[in-house]
There are 2 protein chains.
Amino acid sequence: MQLSPLVQSFVLHFGEMGSRWGINRTVGQIYALLFVAERPLNADDLVDMLGLSRGGVSMGLKELQSWNLVQLRHLPSDRRDHFTTPDDVWAIMRTLVEERKKREIDPTLTTLRDLLMARPQSDGDAHAQARMAAMHDQIELLTTWYADIQKLETERLVQLLSLGSRIAKALEFKDKFLVLPGGKKGAAS
Amino acid sequence: MQLSPLVQSFVLHFGEMGSRWGINRTVGQIYALLFVAERPLNADDLVDMLGLSRGGVSMGLKELQSWNLVQLRHLPSDRRDHFTTPDDVWAIMRTLVEERKKREIDPTLTTLRDLLMARPQSDGDAHAQARMAAMHDQIELLTTWYADIQKLETERLVQLLSLGSRIAKALEFKDKFLVLPGGKKGAAS
DNA sequence: GAGTTATTTCAATAATTATTGAACATACTG
DNA sequence: CAGTATGTTCAATAATTATTGAAATAACTC
């Protein structure tokens, strides 16, 4: 089967971007097609529409499943596996962030913690540990913030994002006139 | 020159993670070493300490400069180029987000806009465009939010992050009792 | 300007990663 | 059970990316 020029362009773009996103062209194309498809597609559909090998599609789908980016579906009176992407783009984004965090951030956080436990053997080590501590604390603050935000319902998350830095304005105000919970008065800027 | 075991571990970890972060081992190691170094290092230092080739270090530094992740420095009475990473880990993170956005998100946003301008040729196309529009709007909301947040001073950003979802609690409260600027009453959840 | 030092470039090669397609495995069907 | 449909694995190969090191370039020094 033949893709429309519109879908074709979308699929090719995702294939090309794949390498920048840390996935390969095949996986990018499969995901793109599933994302815009009107109905769940099976492996043969993907082979047909994308011109990829049978094995490649199988491996690509396996990878997408490991990322929790596609869902396996079964259609009545068809025993082939069909695949879809979730409808909710916000759910997709949460998954993406979650998985990237797991693969790209958590291992570093663990390594940093290990290295910060070691006794420094020199001035150089002490300085290195101070830098690692700064990095660790920053990553930890970000991931804690994310874990917190991540629990919000989509509606409220969108609301929060739409508000943007107007929240910071409010903070500024509060900072000028109120006493913080820790008992420390915020510095007026 | 020889790296201490502590720094060695850190450097090797960044080298290994490099591939997951879309940079190569060489670049990861160079960055890691510059990040923890007590003083600016020149290319020879890096060749010595990391055991890389002269050319590799030159190319690695060029890439890091294109990411704005290292700064070129000149020391008095030494004409060699020396390099450092910025001291402020928050500044580093801003750079990182900025650059990744530029490389990984902006091209897709452009493509989506182009494809959304096209007249759909079929029901399939119309559905595909609806999906692309959802993706586009989400990315745009996120990037707009980021552009907004990004202007904050570090101190206030940290404050905002520390607050986390407590802000959402406040929103929930407001949503229950207040009328939104648009004149629409928020639904009580 | 001849020599020296610092840096970049780039062709060759090494290493890694992606992709195919045929063989294998599994599970239905009559 | 033989035949068929579906899905996976994996060795071979293609394609891409990383890395080296020698040659070229540039920029100083005496």
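- Note: CH2 (A:W21) to P (C:dT17) measures 20 Å, nearest angstrom.
- Considering only side-chain atoms of A:M59, the nucleotide from C:dA18, D:dT9, D:dT19 that sits closest is D:dT9.
- Annotation: of the two residues near DNA chain D, A:R79 and A:G55, the 5′-most nearest-nucleotide partner is A:R79.
- Proximity note for A:R54 (side chain, C-beta onward) versus C:dA18, D:dC28, D:dT8: the nearest is D:dT8.
- Using bins of under 30°, 30° to 60° and over 60° for the plane-to-plane angle, the ring pair B:W21/B:H13 lands in the perpendicular bin.
- Here A:D81 lies in heavy-atom contact (under 4.0 Å) with sugar-phosphate atoms only.
- More than 12 heavy atoms of other residues, nucleotides or ligands sit less than 6.0 Å from atom CG of A:D78.
- Contact check on B:R94 versus B:E98 returns no salt bridge, with no Lys/Arg side-chain nitrogen under 4.0 Å from an Asp/Glu carboxylate oxygen.
- Following rounding to the nearest Å, A:L46 (CG) and D:dG7 (P) show an atom-to-atom distance of 11 Å.
- Between D:dT6 and A:N42, no contact under 4.0 Å exists linking OP1 or OP2 to a side-chain N or O.
- Counting heavy atoms from C-beta on, the side chains of B:T26 and B:E63 never come closer than 4.5 Å.
- Put simply, B:K62 has no side-chain N or O that comes within less than 4.0 Å of OP1 or OP2 on C:dT7.
- With rounding to whole Å, B:N24 atom CG is found 11 Å from C:dT17 atom P.
- Rounding to whole angstrom units, CG of residue A:L72 and P of D:dG7 are separated by 9 Å.
- Using a 4.0 Å heavy-atom distance criterion, B:R80 is classed as a sugar-phosphate-only contact.
- With the nearest nucleotide of DNA chain D identified for both A:R25 and B:L52, A:R25 has the one nearer the 5' end.
- The listed nucleotides are C:dT8, D:dG7, D:dT19; the one nearest the side chain of B:S58 is C:dT8.
- Atom-to-atom, CD1 of B:I23 to C1' of D:dT16 comes out at 18 Å; the value is rounded to the nearest Å.
- As rounded to whole Å, 14 Å separates atom P of C:dT8 from atom CD of B:E63.
- In this structure, A:S53 and B:H74 both approach DNA chain C, and ranking their closest nucleotides by distance from the 5' end singles out B:H74.
- Exactly one residue among B:R113, B:R131, B:Q129 makes a side chain to side chain donor-acceptor pair (under 3.5 Å) with B:H136. That residue is B:R113.
- With rounding to whole Å, A:L61 atom CG is found 15 Å from D:dT6 atom P.
- B:L41 has its CG atom 13 Å from the P atom of C:dT7, to the nearest Å.
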